[in-house]
Amino acid sequence: GDLLDIDFLREMSEKDNKIKSLVDMGFPEDEANMAITRCGVDAALTVLADSVYASQAAGDCHYGNLSDYELGGRKRARLMEGSKKKRKRYGGAAQGNRRPLDGSHEEPMPLPNPMVGFNLPNDRLRSVTRRLPQQAIGPPFFYYENVALAPKGVWATISRFLYDIEPEFVDSKHLCAAARKRGYIHNLPIENRFPLLPLPPKTIFEAFPHYKKWWPSWDPRRQLNCLQTSMSSAKLTERIQCALASSGNPPPKSVQKYVMDECRKWNLVWVGKNKVAHLEPDEVEYLLGFPRDHTRGVGKTERFKSLGNSFQVDTVAYHLSVLKDMYPNGVNVLSLFTGIGGGEVALHRLGIHMRTVVSVEIGEVNRRILRGWWDQTQTGTLIEIADVKSLTDDRIATFVRRFGGFDLVIGGSPCNNLAGSNRHHRDGLEGEQSALFYHYFRIVDAVKSAMGRM
DNA sequence: TGAAAAATGAGCAAAGGA
DNA sequence: TCCTTTGCTCATTTTTCA
């Protein structure tokens with residue numbers, strides 16, 4: 001009796017959680033409920049989401065808020081088709097299978113080595129050609145970004161929702177002095193890209209010549225690791241200084257290993273005899289391609305957090321450069337999860353005029369930073385929205401009518417639940433913040449269909 | 001082919017400071 | 001009191017190396 005009750009309660013709370021997640025993804029509650037009834041409470045969220053779409057495509061959702069989720073006839077067929085095709089290709093279990101179709105059952109998405117994307121500046125040799133799937137071709141152009149090293153299956157799911165486009169994985173260490181392994185899914189042409197000038201320094205010493213003075217010969221680093229959202233404490237600097245001071249020169253291998261491990265983990269640089277320190281905010285701004293003092297005026301910790309979450313501007317600008325010739329009169333941009341405006345800075349540095357930017361960003365500090373930069377550098381219109389969930393399909397249609405459509409939908413959705421350094425809630429694409437990816441998809445699709453009606 | 005090393009947009013509670 | 005900083009958490013995946 002007790003066991004049964006516990007099982008029952010577990011199932012109920014599991015069901016509540018799944019419904020909440022699906023609602024967070026932008027599905028109506030009753031359709032989420034139906035999908036769970038069809039597929040079972042243990043089905044993975046991706047399966048449930050597919051099921052809702054398949055059901056909508058089949059036209060059997062005679063209830064619920066149709067207007068928000070209405071899809072054109074062609075698109076319905078496409079979504080259902082894609083759903084079937086994928087199920088076959090991935091050899092996944094049919095809906096209703098009690099075993100969840102989680103990442104472990106997805107087709108692997110191998111990361112390229114070296115991680116150079118489709119091509120790099122001044123490297124025509126390695127350039128590849130690609131054919132976009134028919135349903136991926138714009139308008140609008142869109143550009144999506146997230147961490148490359150996500151849990152298994154995440155990129156397969158993201159790619160499946162974003163019209164089966166193959167991700168472009170790029171490590172920004174090929175364009176600047178710091179690593180940044182990211183995946184980009186976009187429907188932009190990849191021929192005739194050009195980089196921002198001047199080309200950024202690609203080594204630590206080129207970026208910060210004065211560090212050469214104290215750099216020991218046994219520290220082989222020439223580039224930095226990924227710039228993250230938090231910095232090491234002063235105590236670590238002290239511990240390293242003590243360890244080095246109480247050993248010879250050069251220090252024994254064991255001390256070298258301890259120091260190098262910490263230096264790599266925290267991106268420490270040599271600023272004095274036996275003295276390492278973390279980077280300063282203006283150095284991170286520089287490495288990421290932002291103008292000096294872009295994030296100035298907020299607390300140091302806030303600056304590191306916002307910068308750690310942002311684009312590497314040179315990398316993104318290289319991909320966006322193809323827009324310059326296409327839009328000599330400027331672009332209308334829908335910017336989701338804008339952060340401190342890496343995409344906007346990239347367009348500006350490319351010399352692409354932004355007539356309008358509709359920006360969605362939850363962080364008040366980030367909105368303030370973007371507004372400050374915009375008012376100083378731009379002549380176009382900036383509309384700031386806080387919550388992606390409040391950007392309904394109706395509002396999107398209104399914006400599309402008002403501005404004559406969006407030329408670019410750009411954004412990187414939250415990586416909190418995907419990032420390797422998250423020890424607490426690395427729950428994948430279904431995690432609380434990372435599930436906002438589904439809003440990115442919803443909004444791109446809403447822009448697509450609103451523009452199709454123009 | 002396997003084990004070990006390295007890398008990674010993080011998050012929490014508690015201490016510290018204005 | 002509220003906000004910022006610090007120490008600790010020890011996961012997952014890919015790459016390197018024997």
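All chains are named by letter (A, B, ...) in the order of the sequence lines, taking the proteins before the strands, and each is independently numbered beginning at 1.
- For the pair A:Asn422 and A:Met115, nearest-nucleotide mapping onto DNA chain C gives the more 5' position to A:Asn422.
- For the residue pair A:Thr295/A:Ser306, the side-chain donor-acceptor check at 3.5 Å is not satisfied.
- Side-chain polar atoms of A:Tyr163 and A:Asp445 form a donor-acceptor pair below 3.5 angstrom.
- For B:dT8, one of the phosphate oxygens OP1 or OP2 lies less than 4.0 angstrom from a side-chain nitrogen or oxygen of A:Lys181.
- In the model, A:His319 has no side-chain atom that pairs as donor or acceptor with a side-chain atom of A:Tyr184 under 3.5 Å.
- Of all nucleotides listed (B:dG11, B:dG9, C:dT15), B:dG9 comes nearest to the side chain of A:Glu145.
- With both pairing distances under 3.5 Å, B:dA7 is matched to C:dT12 as a Watson-Crick or G-U wobble pair.
- Residue whose closest nucleotide on DNA chain C sits further toward the 5' end, between A:Trp266 and A:Pro151: A:Trp266.
- Atom CZ of A:Arg395 has more than 12 heavy atoms from other residues, nucleotides or ligands within 6.0 Å.
- In terms of phosphate contacts, A:Asn225 brings no side-chain nitrogen or oxygen within less than 4.0 Å of OP1 or OP2 of B:dA6.
- Base pairing analysis places B:dA14 opposite C:dT5; the two distances defining the Watson-Crick or G-U wobble pair are each below 3.5 Å.
- For C:dC8, the OP1/OP2 oxygens have no side-chain nitrogen or oxygen of A:Arg423 closer than 4.0 Å.
- Distances shorter than 4.0 Å separate none of the side-chain N or O atoms of A:Lys235 from OP1 or OP2 on B:dA15.
- Neither OP1 nor OP2 of B:dG9 sits under 4.0 Å from any side-chain N or O of A:Ser310.
- The separation of B:dT8 from C:dT9, taken at their C1' atoms, amounts to 15 Å, rounded to a whole angstrom.
- Remark: the separation of the P atoms in C:dC8 and B:dG9 is 24 Å, to the nearest Å.
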